[in-house]
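Written below as structure tokens is the structure these notes are about.
The basis for the numbers below is simple: all heavy atoms, side chains too, and nothing from hydrogens, waters or symmetry mates. On a predicted model such as this, the values are computed, not experimentally measured, just so you know. Lettering follows sequence order; numbering is per chain, from 1.
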Protein chains: 2
Amino acid sequence: MQWDTREDCEVRQILDRVADKWSLLVIALLDRRTLRFTELKRAIDGVSQRMLAQTLRHLERDGLVSRVVHATVPPRVDYALTPLGVTLHETIRTLVTWTETHQNEIAAARTAYDRRIEAERLAAEREAAERDALAHDVLTAGQGR
Amino acid sequence: MQWDTREDCEVRQILDRVADKWSLLVIALLDRRTLRFTELKRAIDGVSQRMLAQTLRHLERDGLVSRVVHATVPPRVDYALTPLGVTLHETIRTLVTWTETHQNEIAAARTAYDRRIEAERLAAEREAAERDALAHDVLTAGQGR
DNA sequence: CAGTATCCTGACGGATACTG
DNA sequence: CAGTATCCGTCAGGATACTG
């Protein structure tokens with residue numbers, strides 16, 4: 001795969017949008033259905049009102065999500081995937097499926113890595129202690145004279 | 001698609017890693033080949049030494065990228081996708097392909113959106129100006145008495 | 001070459017308050 | 001309900017210097 005890697009190129013900018021934490025979740029949740037602002041907010045644990053609004057604005061701007069305002073009281077705004085958004089949803093879904101499929105492997109890799117690093121840290125510590133002990137011996141011997 | 005949306009669940013954490021700006025680019029670049037640190041740094045426009053190192057450390061920890069140190073002078077470190085990383089690369093590639101395929105549609109959507117917003121802004125401005133003019137008329141009439 | 005360590009700034013994003 | 005506006009803290013991440 002060879003593509004334009006310049007920071008200001010189209011692909012990079014779109015990738016940054018897609019790679020966005022909340023965008024990914026919003027698109028994944030709007031799977032063939034319409035959700036209201038509050039429903040999305042409740043569904044996505046940890047998102048603030050501000051960030052959700054901003055994310056939805058961006059997705060709307062990119063033509064991935066449609067925003068329909070109903071002139072009722074109380075107001076009601078429905079969000080849904082556009083046809084373009086649906087095509088992106090397909091590839092997002094494979095990504096989510098991938099994480100579900102491989103989460104155990106990743107968890108195992110993390111544990112193994114952390115253990116290895118910890119072992120290396122201990123080894124380095126032990127080595128340093130030995131060097132110190134040696135230096136101390138030399139010092140003591142010097143004082144003995 | 002219905003999954004655990006809690007912020008601290010495995011899938012969310014892995015998704016956050018995958019959704020990371022630099023991770024995505026590194027995985028995409030390590031397509032069936034081995035790259036050295038500096039090669040990656042040169043290939044990814046805009047990444048700092050620090051962020052690249054951090055990203056590679058994370059990917060290594062997750063078992064997606066292998067890191068091989070050659071005991072030569074000058075030192076040489078090769079990064080490559082692990083078998084697990086290759087499987088992720090497949091789905092990342094579809095994502096990149098998607099952005100390439102649809103970048104024109106998105107660019108068009110953005111332009112259209114910006115034009116619409118600008119038009120709405122101008123309309124609101126005009127309306128405000130009219131209200132002001134009306135208020136001024138009332139004021140003038142009042143002073144006339 | 002391939003990093004780590006340190007410092008420092010800006011923007012991301014949370015909390016709160018207010019509006020249509 | 002569905003936002004926008006404002007304030008403000010933190011922490012991601014850039015710049016720089018140093019090391020094996």
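- For A:Arg57, counting side-chain heavy atoms from C-beta on, the closest listed nucleotide (C:dA2, D:dG13, D:dG3) is D:dG3.
- Remark: A:Arg61 engages B:Asp114 in a salt bridge, criterion side-chain N to carboxylate O under 4.0 Å.
- Using a 4.0 Å cut-off, some side-chain N or O of A:Thr38 falls inside it from OP1 or OP2 of D:dA2.
- The residue among A:Arg76 and B:Asp20 whose nearest nucleotide of DNA chain D lies closer to the 5′ end is A:Arg76.
- Per the geometry, CZ belonging to A:Arg121 stands 17 Å off C1' belonging to C:dT4, to the nearest Å.
- Note on A:Glu118 versus A:Arg115: no salt bridge recorded, every NZ/NE/NH1/NH2 to OD/OE distance being 4.0 Å or above.
- Between the CD atom of B:Glu60 and the C1' atom of C:dA2 there is a distance of 13 Å, rounded to whole Å.
- Between A:His70 atom NE2 and D:dG3 atom C1' the separation is 16 Å, expressed in whole Å.
- Computed from coordinates, the A:Lys21 NZ to C:dA11 P distance equals 20 Å when rounded to whole Å.
- Considering only the side chain of A:Arg67, D:dA2 comes nearest among D:dC1, D:dA2, C:dA2.
- Across the protein-nucleic acid pair, B:Leu52 atom CG and D:dA15 atom C1' stand 16 Å apart, rounded to whole Å.
- Taking the charged nitrogens against the carboxylate oxygens, B:Arg76 and B:Asp78 do have a contact shorter than 4.0 Å, which makes a salt bridge.
- Between B:Arg42 and B:Gln54, the residue anchored nearer the 5' end of DNA chain C, judged by the nucleotide with its closest heavy atom, is B:Arg42.
- In this structure, B:Phe37 places its CZ atom 10 Å from C1' of C:dT4, rounding to the nearest Å.
- At whole-Å resolution of the value, CG in B:Leu35 and C1' in C:dG3 are 17 Å apart.
- When rounded to the nearest whole Å, the span between CZ of B:Arg50 and P of D:dA15 equals 12 Å.
- Salt-bridge annotation for A:Arg93 and A:Glu90: present, with a side-chain N of the basic residue lying under 4.0 Å from a carboxylate O of the acidic one.
- A:Gln49 comes within contact range of at least one nucleobase, with a heavy-atom separation under 4.0 Å.
- Base pairing annotation: C:dT19 forms a Watson-Crick or G-U wobble pair with D:dA2, both donor-acceptor distances under 3.5 Å.
- Look at B:Arg116 and A:Glu60 and you find a salt bridge, because one of the NZ, NE, NH1 or NH2 atoms lies within 4.0 Å of a carboxylate O, short of that distance.
- B:Tyr79 has no side-chain polar atom (N or O) that falls below the 4.0 Å cut-off from OP1 or OP2 of C:dC1.
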